[in-house]
Amino acid sequence: MIELPAPFIERTRRLLGADYDSFAAALDSESPVSLRLNPGKSRPTEVLGEAVPWSAQGYYLPERPAFTFDPCFHAGAYYVQEASSMFLGRVIAQYVKTPVRYLDLCAAPGGKSTDAIASLPAGSLVVSNEVIPNRAYILAENIVKWGSPYSIVTRNEAADFARLESYFDVIATDVPCSGEGMFRKDPAAIAEWSPAGVARCADRQRQILDDVWQALRPGGLLIYSTCTYNTEENEEMVLYLMNRLGATPLTVETDPAWGIAPALVPGVTAYRFMPHLTRGEGLFLAVLQKPGDADESGRNRLLDDTQGKRNKAKKGKTGTPAVPDEWRDRLAAPDRFDFTVHNDTLLAIPREYQADYRLLAQHLTLLHAGITLAVAKGRDYIPHPALALSTALDLDRAPRFEADLPTALAYLRRESIVLPGNLPRGYLLIAYHGFPLGWVKNLGNRANNLYPQEWRIRSGYTPDNLLALPVEHL
């Protein structure tokens, strides 16, 4: 039985009234297990389980498989995400109809960013940011595995985005919070909770919103969310956006059968996912619009200024080294990309966002952008994992080996693997049931495992419930 802090019980009982006992009982129940398929790599299937009603790619599973030991998980075929958080896709489907520039400000570990990539209109650019270094690298790993070339990962403070005045069409702020919605899944969240912590989080949230507001264009959307229950970090923050910043709350179409609760404060439009009412963890979400008519002039000025500085810098200089054709031709549609070399790294950036890439690189710390094709090592280029995992890779041009489950797991542990003698020498793609995992260099008598050291599976144990996910239905 979960031991909740007495001040939390007192505060939440005041909020929920007669519903509190049902709420507390729900916290003592098993957390639902759910995942969201990657539409760039997998196809929806009812075989996996019951569909999450507000998500186009979400499914509840009857039990929790050992995801760590499923090669399809490492290939980015799906993302393990609690169902309430998938409501973001519903918001995007209702309000975003044309390609946009989208910022996920507090994005680690990447669940809502991958949902945005999957849900936004094709051709949208998604910038995923995380300020804490170790979490930022986990975010970059998950974005790379998702495989979209229309993604950029940054590591910056919220205040750094104020330089990009009116640049983004949509900003999602899943702000750091007191984490009350994590109590059922994470005992550490209970131990760290306090009323003083709630107040500190609310102060920080207001500062984050003030810092990033300037980066949202007039008429743009701000999606505010937390995984907590109190009103200080939720409804009161929406009132702050309305009264201080002039934001207008918007409604989201829902079905009463889903059990989504309304806001607890009059005058606020928001959506509460409560564990005793919905099949998921705690989530608060509100959608607000910045005042003013849709206006892209601010963004255009930024992009024009960046292009002007680039043209001036190029005068009298030789160009950057050309990307060899053999690496361009690894992509299924190379004409859609501009290719560049940065610090001995070959990059492919979607052509329509080349100026955006330069602008963001000028103002922010970039951890990942577009597709990293290869990295120079001496006279050779070593293919990058991002190329193997990209949905833009031309699989017909990449010699590959289809690994069975034991071999795939050995590869993901970064162990030596044995390849058949009839395979060509050089760089080969390792795949599992058609899902690329990464590269090896086949030397004939042995193969060098090029899977990233920091991504490897560290456990040598292989559990018995690996087949709970039927790979043939992904």
Closer than 4.0 angstrom, basic N to acidic O: yes or no for [X] and [Y]?
X: Arg184; Y: Glu281; result: yes
X: Asp394; Y: Arg330; result: no
X: Lys441; Y: Asp380; result: yes
X: Asp169; Y: Arg299; result: yes

[X] atom [atom1], over 12 foreign heavy atoms within 6.0 Å:
X: Arg425; atom1: CZ; answer: no
X: Gln453; atom1: CD; answer: yes
X: Arg279; atom1: CZ; answer: yes
X: Lys377; atom1: NZ; answer: no
X: Glu402; atom1: CD; answer: yes

Between atom [atom1] of [X] and atom [atom2] of [Y], what is the distance when rounded to the nearest 0.5 Å?
X: Ile152; Y: Arg101; atom1: CD1; atom2: CZ; result: 10.5 Å
X: Ser151; Y: Ile117; atom1: OG; atom2: CD1; result: 5.0 Å
X: Trp213; Y: Ile171; atom1: CH2; atom2: CD1; result: 8.5 Å
X: Arg379; Y: Tyr381; atom1: CZ; atom2: OH; result: 13.0 Å
X: Tyr427; Y: Asn448; atom1: OH; atom2: CG; result: 8.5 Å
X: His384; Y: His368; atom1: NE2; atom2: NE2; result: 9.0 Å

For the side chain of [X] and the backbone of [Y], is there at least one donor-acceptor N/O pair under 3.5 Å apart?
X: Asp305; Y: Arg301; answer: no
X: Arg413; Y: Ser459; answer: yes
X: Asn449; Y: Ser416; answer: no
X: Glu157; Y: Ala159; answer: no
X: Thr391; Y: Gly147; answer: yes
X: Arg217; Y: Ser166; answer: no
X: Thr173; Y: Ile223; answer: yes
X: Asn343; Y: Thr345; answer: no
X: Ser29; Y: Ala26; answer: yes
X: Arg90; Y: Glu253; answer: yes

Open item on the list: I'd like to know whether Leu288 forms a side-chain contact (heavy atoms from CB on, under 4.5 Å) with Leu221, so could you lay out the CA-CA distance, the side-chain angles of the two residues, the decisive distance to 0.1 Å, and finally the verdict.
Closed with: CA-CA 6 Å; Leu288 302 106; Leu221 299 181; over 6 Å; no

Will you find, in the side chains of [X] and [Y], an N or O donor that is under 3.5 Å from an N or O acceptor?
X: Gln81; Y: Arg36; result: yes
X: Asp295; Y: Ser297; result: yes
X: Asp404; Y: Tyr432; result: no
X: Asp338; Y: Tyr353; result: no
X: Ser34; Y: Glu82; result: no
X: Glu233; Y: Ser178; result: yes
X: Tyr150; Y: Glu352; result: yes
X: Asn38; Y: Ser42; result: no

Note, [X] side chain near [Y] side chain (heavy atom, < 4.5 Å):
X: Phe339; Y: Trp327; answer: no
X: Leu359; Y: Leu164; answer: yes
X: Ile371; Y: Leu331; answer: yes
X: Tyr60; Y: Val33; answer: no
X: Leu346; Y: Pro324; answer: yes
X: Arg204; Y: Pro176; answer: yes
X: Cys106; Y: Asn129; answer: no
X: Asp160; Y: Leu364; answer: yes

Task: Trp455 six-ring face occupied by Lys145 cation (under 6.0 Å, within 45°) - done: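 Yes - Lys145 lies over the ring of Trp455, closer than 6.0 Å to its centre and within 45° of its axis.
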
- [ ] May I ask you to check if Arg456 and Tyr451 form a cation-pi contact, with NZ or CZ under 6.0 angstrom from the six-membered ring centre and within 45° of the axis?
- [x]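 Because its charged atom misses either the 6.0 Å distance or the 45° angle limit, Arg456 does not stack over Tyr451.
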
How are the rings of [X] and [Y] set relative to one another: parallel (under 30°), tilted (30 to 60°) or perpendicular (over 60°)?
X: Trp146; Y: Tyr79; result: perpendicular
X: Trp258; Y: Trp54; result: perpendicular
X: Tyr224; Y: Phe284; result: perpendicular

Task: Partner of Ile260 by side chain to side chain contact (heavy atoms under 4.5 Å, CB included), out of Asp255, Leu283, Leu285, Thr254 - done: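 Running side chain to side chain contact (heavy atoms under 4.5 Å, CB included) over Asp255, Leu283, Leu285, Thr254 with Ile260 returns exactly one hit, Thr254.
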
TODO: Show your reasoning for whether salt bridge (charged side-chain N to carboxylate O under 4.0 Å, His left out) applies to Asp104 and Lys112.
DONE: CA-CA 8 Å; Asp104 187 349; Lys112 291 186 177 66; over 6 Å; no

Open item on the list: For Leu429 versus Ala398, what's the shortest heavy-atom pair and its separation?
Closed with: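 Taking every non-hydrogen atom into account, CD2-CB, 4.2 Å.
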
TODO: Indicate, with yes or no, if the rings of Phe87 and Phe273 have centres closer together than 6.0 Å.
DONE: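 Distance test on ring centres: under 6.0 Å, yes.
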
